[in-house]
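Values below: all heavy atoms of this structure, side chains included; hydrogens, waters and symmetry mates excluded.
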Amino acid sequence: MLRVMIVEDNAIYRYAIKTIIRWEDYGFELTTEAINGKQALEYIKERRCDVIITDMSMPEMNGLDLIRQVKRLYPAIKFIALSSFEEFHFVKEAMRLGAQDYLLKHDLEIEGLIQVLEQVKISILKEREKLAEANASDIHLTSLYLKKMMLGENIQSDQTETAGYHFEQTLSRSPYIVQLLRFNANKHEEVIADSMPGKAQSDFLDRIRKENEHFYPIVLSEKQAAVIQSFPHIKSESHMIASALEFADRLVPIARSLQLSLSVGMSRIGVGYSALPDLFRQAEAALFQKIYADRERIFIYREAQPPEEGLHHTWMTQFTLAFRSEDMKVIEDKIAYVFEWIQSSRLEMKHVKRLLFDLFALLPVFAAERRMKLNSMNHWHDVLLDSMDNLEPIGEMKEYFLSCCRQIFGQTEIRQSHRQDIRMAVEYINEHYNEDISVANIADVLNLSPNYLSKLFRSETGIRLVEYINQRRIEAAKRLLRETNLKVYEVGEKAGFQETSYFCKVFKELTGVTVTEYRKK
């Protein structure tokens, strides 16, 4: 809970601010009240405070002087200014001094207060994260050094070089393996925004770091981390590999306990820090094999054979002829054959990317020849990159390609209705929009993966699935606002929103007006 102090000389306004919302519901605790800036300064010395909501015009010490004093002594404390219309010149000065935002006392609304509090909370949490990072600067610099080494980037900072010197010596003396870890959250609220929560990432890597001095975890992104595992006391290569596999096996249940799904790509054994970039690429290539075996979790690097010279050109020629035939059966047979060949050959990422990008690039050409405007295909390259980045099964990439082909060649005119699974998704949303549904819920009902459903829905309708859910909920909310006298939070709940602040935010985004403004119309 973030601790809040109210500084206001008018008892009526203090009471109004205290009772306008349930502060605990939004992560705040009202701990202190003061009648002027002088009293507030005395209280701050005795009681920790995160946020001060202060009036501007008060006896003995006004709000501006309070902000100046507190910012000098306690710079982390955030301020929200209170004022009336005639005191707006005070507000401008308060903002200049560092106040986060302001509220008008005579026009205080729930949604406005909630919005300001959310902004303040975000600001405080971001600053605390930065402070935690600063306290862990040694670990950060070492990780940064190893990350740059793995990715083959230039190392220019003397501080970074100093932090990494110890590891140069260690990796030069001991054999080691690089394990690339790929995380996904088990619960998807929106797949394209799906990322590993920062707290879970930190907890996970801390466990690894504390487990053994010969494990070196490195953060690469929100979804990826690497672990360098050295073997200073193991002489047999087979024992090193067995130890690395045992370690990877133990990581999977740890991730699951943090609501994460984990996949691991493992390099060969290397010696010397100059081998680090090559071992990282091996681990990356091993992890990419997940697209061919979605249920597996641990992948060991094995050198893959490149496709035969000239085969890529042959595929492109054959697909061009199949598209020219405009026979969907011929096209489907060719797609099935090529994707089965990709699956059995287990191509490396660069070969899969080149082939699929060139195949997809043919589709807009043939759509233009047939004078078809398919807006949903404008983002096929983003969808494809996202699929590969998320290591989605090759079968789902095939289904997406088939879906695009059917839009062009499946009929002589653009379809007026969507495919059956999309219609089923829409029907499910229309029936359950007022419940706590998510992409994962709908995908489970339709027996599809969340990623595939999200991409398919956007391809077929032109909008994201979560956007459609919100649109449906806002339409219901508008009806309730017109026809009932329910409170704002009750309208939000009945329309399917779990948090009033989020409901107000989405309502304003989709309608252009606040909930209060809409109801007054």
Side-chain angles (χ1 to χ4, degrees), residues 150-152 178 180 182 241 263-270 275 277-296 298-367 369 377 380-406 408-409 451-452 455:
M150 282 193 296
L151 300 180
V178 173
L180 184 60
R182 171 69 187 211
I241 294 171
S263 300
V264 182
M266 189 181 303
S267 75
R268 290 176 174 172
I269 299 168
D278 284 337
L279 296 187
F280 174 74
R281 283 190 287 271
Q282 291 175 12
E284 195 173 36
L287 187 59
F288 186 71
Q289 298 302 302
K290 179 172 168 52
I291 74 168
Y292 305 118
D294 186 46
R295 294 186 178 278
E296 293 181 26
I298 301 171
F299 303 87
I300 301 175
Y301 174 73
R302 294 182 179 84
E303 192 168 353
Q305 292 297 318
E308 296 177 18
E309 189 175 349
L311 188 57
H312 181 87
H313 177 72
T314 300
W315 288 135
M316 297 304 297
T317 301
Q318 291 182 4
F319 266 97
T320 301
L321 292 173
F323 291 158
R324 291 275 179 224
S325 75
E326 300 189 357
D327 186 333
M328 197 59 211
K329 179 66 170 64
V330 172
I331 295 170
E332 287 178 348
D333 288 344
K334 181 57 63 179
I335 291 172
Y337 183 80
V338 169
F339 275 85
E340 284 172 10
W341 174 77
I342 294 173
Q343 174 78 44
S344 61
S345 302
R346 295 206 165 203
L347 295 181
E348 292 183 359
M349 177 167 35
K350 62 181 179 180
H351 300 303
V352 175
K353 184 179 291 187
R354 181 190 174 201
L355 177 57
L356 293 189
F357 266 74
D358 285 353
L359 287 178
F360 271 90
L362 289 174
L363 298 181
V365 176
F366 281 90
E369 286 183 2
M377 279 190 57
W380 65 263
H381 36 80
D382 295 329
V383 172
L384 198 55
L385 279 173
D386 191 50
S387 296
M388 293 197 178
D389 181 58
N390 286 322
L391 302 176
E392 293 172 10
I394 191 68
E396 292 189 1
M397 298 184 206
K398 170 190 170 184
E399 287 300 317
Y400 178 61
F401 188 56
L402 265 172
S403 171
C404 293
C405 289
R406 285 171 181 148
I408 300 173
F409 305 104
N451 275 319
Y452 178 58
K455 290 175 174 58

Close side-chain approach of [X] to [Y], heavy-atom, < 4.5 Å:
{"X": "F323", "Y": "C405", "result": "yes"}
{"X": "K455", "Y": "D386", "result": "yes"}
{"X": "H351", "Y": "P306", "result": "yes"}
{"X": "E396", "Y": "D294", "result": "no"}
{"X": "M316", "Y": "L359", "result": "yes"}
{"X": "S345", "Y": "Q305", "result": "no"}
{"X": "R182", "Y": "K290", "result": "no"}
{"X": "R324", "Y": "E369", "result": "yes"}

Is the gap between the ring centers of F299 and Y292 under 6.0 Å?
no
So, do Y400 and Y452 have ring centers that fall under 6.0 Å from each other?
no
Could you report the tightest heavy-atom contact between [X] and [Y], atom names first, then the distance?
{"X": "A286", "Y": "G265", "result": "CB-CA, 4.0 Å"}
{"X": "L402", "Y": "E332", "result": "CD2-CG, 3.7 Å"}
{"X": "K398", "Y": "I335", "result": "CG-CG2, 4.0 Å"}
{"X": "L363", "Y": "C404", "result": "CD1-CB, 3.6 Å"}
{"X": "E284", "Y": "L180", "result": "CA-CD2, 3.6 Å"}
{"X": "M349", "Y": "F288", "result": "CA-CE2, 3.3 Å"}

Rounded at 0.5 Å granularity, tell me how far [atom1] in [X] sits from [atom2] in [Y].
{"X": "L347", "Y": "I342", "atom1": "CG", "atom2": "CD1", "value": "6.0 Å"}
{"X": "F360", "Y": "L355", "atom1": "CZ", "atom2": "CG", "value": "10.5 Å"}
{"X": "M328", "Y": "F409", "atom1": "CE", "atom2": "CZ", "value": "8.0 Å"}
{"X": "Q282", "Y": "I300", "atom1": "CD", "atom2": "CD1", "value": "12.0 Å"}
{"X": "F339", "Y": "I394", "atom1": "CZ", "atom2": "CD1", "value": "5.5 Å"}
{"X": "L279", "Y": "Y301", "atom1": "CG", "atom2": "OH", "value": "10.5 Å"}

Heavy atoms from other residues, nucleotides or ligands near OH of Y337 exceed 12 (cutoff 6.0 Å):
no
M388 vs L356, test: side chain to side chain contact (heavy atoms under 4.5 Å, CB included). Steps then yes/no.
CA-CA 11 Å; M388 293 197 178; L356 293 189; 3.9 Å; yes
Counterpart residues, side chain to side chain contact (heavy atoms under 4.5 Å, CB included), relative to K334 (two or more places apart):
Q318, F319, V338
Side chains of S387 and E392: do they bring a donor and an acceptor to under 3.5 Å?
yes
Can R281 and E348 be counted as an ion pair, charged N to O under 4.0 angstrom?
no
Could you walk me through whether L384 and F401 pass the side chain to side chain contact (heavy atoms under 4.5 Å, CB included) check?
CA-CA 10 Å; L384 198 55; F401 188 56; over 6 Å; no
Suppose we screen for salt bridge (Lys or Arg N to Asp or Glu O under 4.0 Å). Which residues come up paired with E296, at least two apart in sequence or across chains?
none
Take I408 and E326, measure what side chain to side chain contact (heavy atoms under 4.5 Å, CB included) needs, and give me the verdict at the end.
CA-CA 9 Å; I408 300 173; E326 300 189 357; over 6 Å; no
